[in-house]
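Structure record follows, encoded as structure tokens.
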Number of protein chains: 2
Amino acid sequence: MDEVFKALADASRRSLLDRLHARNGQTLNELCEGLAMTRQAVTKHLAILEQANLVTTFKHGREKLHYLNPVPIHQIGERWIKKFERAKLVALSELKRQLEKRDE
Amino acid sequence: MDEVFKALADASRRSLLDRLHARNGQTLNELCEGLAMTRQAVTKHLAILEQANLVTTFKHGREKLHYLNPVPIHQIGERWIKKFERAKLVALSELKRQLEKRDE
DNA sequence: TTGACATGCAACCATTTAGTTGCCTATTGT
DNA sequence: ACAATAGGCAACTAAATGGTTGCATGTCAA
């Protein structure tokens with residue numbers, strides 16, 4: 001779980017996930033196109049995404065195909081966001097109560 | 001959005017959010033209790049959470065009260081996770097298709 | 001009013017991180 | 001066979017990050 005959050009912390013990596021979401025199964029070079037980064041930098045980002053299990057790869061000849069694995073992202077929603085859903089419901093009223101308490 | 005993801009990337013900060021979720025409106029010193037960190041380190045974490053709008057604070061006399069703001073977390077779910085929900089549904093079949101393609 | 005308590009500010013340090021360059025290996029098409 | 005293509009590995013650098021210590025400020029309570 002820690003690795004997933006850390007992987008998602010970087011904007012370049014989120015954009016790589018966006019690209020895979022737009023078209024799944026891209027090669028490393030395809031993912032590099034149009035980015036202001038060297039191929040090696042992208043390789044490192046993909047390795048981090050892979051270690052967080054957000055991306056799965058298959059080798060096909062000399063190419064490496066990258067696939068988005070949305071399951072960990074879904075788990076964030078399941079385990080973490082839902083935890084704060086109820087809090088969201090009462091947030092406004094709590095803040096309101098606090099603002100009144102402030103004038104004591 | 002970038003700030004929210006970065007704020008969530010650190011385990012200490014997520015645990016601070018957990019603590020606030022368990023009991024909202026704690027002071028800085030209360031949030032420090034039992035942590036293997038100096039007060040100043042916690043202050044920095046809370047500042048990052050505040051800047052990401054995940055925590056809101058009110059000063060009450062000499063105390064600073066910290067409140068969880070779950071809205072940005074909820075927005076992650078809205079804007080980002082749902083984007084990958086459909087992808088999750090087709091992920092397995094896509095992977096399967098790829099595995100077959102591999103043997104061409 | 002003065003000491004204790006709650007917090008703020010700033011300088012400093014070590015580690016991690018994001019990126020680079022340079023070179024090596026493996027596969028493919030002609 | 002061999003040049004071009006796709007990717008891998010390692011060393012290095014600059015900047016960001018997470019943490020510390022030391023001191024200053026503001027508020028409360030006796």
Side-chain angles (χ1 to χ4, degrees), chain A residues 1-20 23-52 54-68 98 101-104, chain B residues 1-20 23-52 54-68 98 101-104:
Chain A
M1 185 54 97
D2 192 80
E3 284 183 319
V4 177
F5 277 110
K6 283 204 172 158
L8 292 178
D10 187 88
S12 303
R13 286 193 287 270
R14 291 199 302 278
S15 124
L16 284 170
L17 292 183
D18 287 342
R19 280 166 156 246
L20 285 180
R23 188 162 62 86
N24 216 359
Q26 295 187 63
T27 68
L28 173 57
N29 270 328
E30 283 171 339
L31 287 170
C32 287
E33 276 166 24
L35 291 187
M37 249 186 298
T38 58
R39 173 177 57 82
Q40 287 82 351
V42 176
T43 301
K44 284 193 185 178
H45 283 307
L46 288 172
I48 290 169
L49 290 170
E50 206 174 342
Q51 212 165 340
L54 283 161
V55 162
T56 313
T57 61
F58 300 97
K59 265 200 218 156
H60 187 67
R62 65 179 158 181
E63 295 179 333
K64 192 174 186 183
L65 303 172
H66 297 77
Y67 286 82
L68 173 65
Q98 182 54 35
K101 196 178 167 186
R102 208 182 166 190
D103 299 326
E104 282 174 9
Chain B
M1 185 55 97
D2 192 80
E3 285 183 317
V4 176
F5 277 111
K6 282 205 171 159
L8 292 177
D10 187 88
S12 304
R13 287 195 286 272
R14 292 199 300 276
S15 125
L16 284 171
L17 292 183
D18 286 342
R19 280 165 157 244
L20 285 181
R23 188 161 62 85
N24 216 359
Q26 296 188 62
T27 69
L28 172 59
N29 270 328
E30 283 171 340
L31 287 170
C32 288
E33 276 165 24
L35 291 187
M37 249 186 296
T38 58
R39 175 178 56 81
Q40 287 82 347
V42 177
T43 301
K44 283 194 186 178
H45 283 308
L46 288 172
I48 289 170
L49 290 170
E50 207 174 339
Q51 211 165 342
L54 284 161
V55 162
T56 313
T57 60
F58 302 97
K59 264 199 217 157
H60 187 66
R62 64 179 159 181
E63 295 180 333
K64 191 173 184 183
L65 303 173
H66 297 77
Y67 286 81
L68 173 65
Q98 182 53 36
K101 195 176 166 188
R102 207 182 166 191
D103 299 325
E104 282 175 9

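Residue numbers begin at 1 in each chain, while the letters A, B, ... track the order of the sequences. In this text the structure is predicted, and so the values were computed from the model without any measurement.
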Without decimals, in angstroms, what is the distance between [X] [atom1] and [N] [atom2]?
X     : N     : atom1 : atom2 : value
A:K64 : D:dC9 : NZ    : C1'   : 12 Å
A:E63 : D:dA4 : CD    : P     : 19 Å
A:H45 : D:dG8 : NE2   : P     : 15 Å
A:E33 : D:dG7 : CD    : P     : 11 Å

Is the phosphate of C:dA6, meaning OP1 or OP2, less than 4.0 Å from a side-chain N or O of B:H60?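 Answer is no, no contact under 4.0 Å.
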> Taking OP1 and OP2 of C:dT7, is either one under 4.0 Å from a side-chain nitrogen or oxygen of B:N29?
Replying inline: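 Yes, within the criterion.
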query: Side chain of B:R19, backbone of B:L31: donor and acceptor closer than 3.5 Å?
result: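 It does hold such a pair.
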Counting heavy atoms from C-beta on, name the nucleotide in C:dT28, D:dG18, C:dA4 closest to the side chain of A:R62.
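Nearest listed nucleotide: C:dT28.
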### Query
Which residues in residues 35-44 of chain B have at least one heavy atom lying under 4.0 Å from any atom of DNA chain D?
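B:M37, B:T38, B:Q40, B:A41, B:K44 - these, ordered by number, are the residues of the stretch whose heavy atoms sit under 4.0 Å from the strand.
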Mark yes when over 12 heavy atoms from residues, nucleotides or ligands other than B:Q40 sit less than 6.0 Å from its CD; otherwise mark no.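 Yes, CD of B:Q40 has more than 12 neighbouring heavy atoms, counting only those of other groups under 6.0 Å.
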inquiry  = Which is more 5' along DNA chain C, the nucleotide nearest A:A9 or the one nearest B:L28? Just name the residue.
reply    =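 On the 5' side of the pair lies B:L28.
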Self-check item: With sequence neighbours excluded, residues passing side chain to side chain donor-acceptor pair (under 3.5 Å) with B:E50
Solution: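 B:E50 satisfies side chain to side chain donor-acceptor pair (under 3.5 Å) with B:T57 once adjacent residues are dropped.
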#### Entry: Bending between helix ends of the helix from C:dT1-D:dA30 to C:dT30-D:dA1 [5 pairs per end, 10° resolution]
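End-to-end axis angle: 30°.
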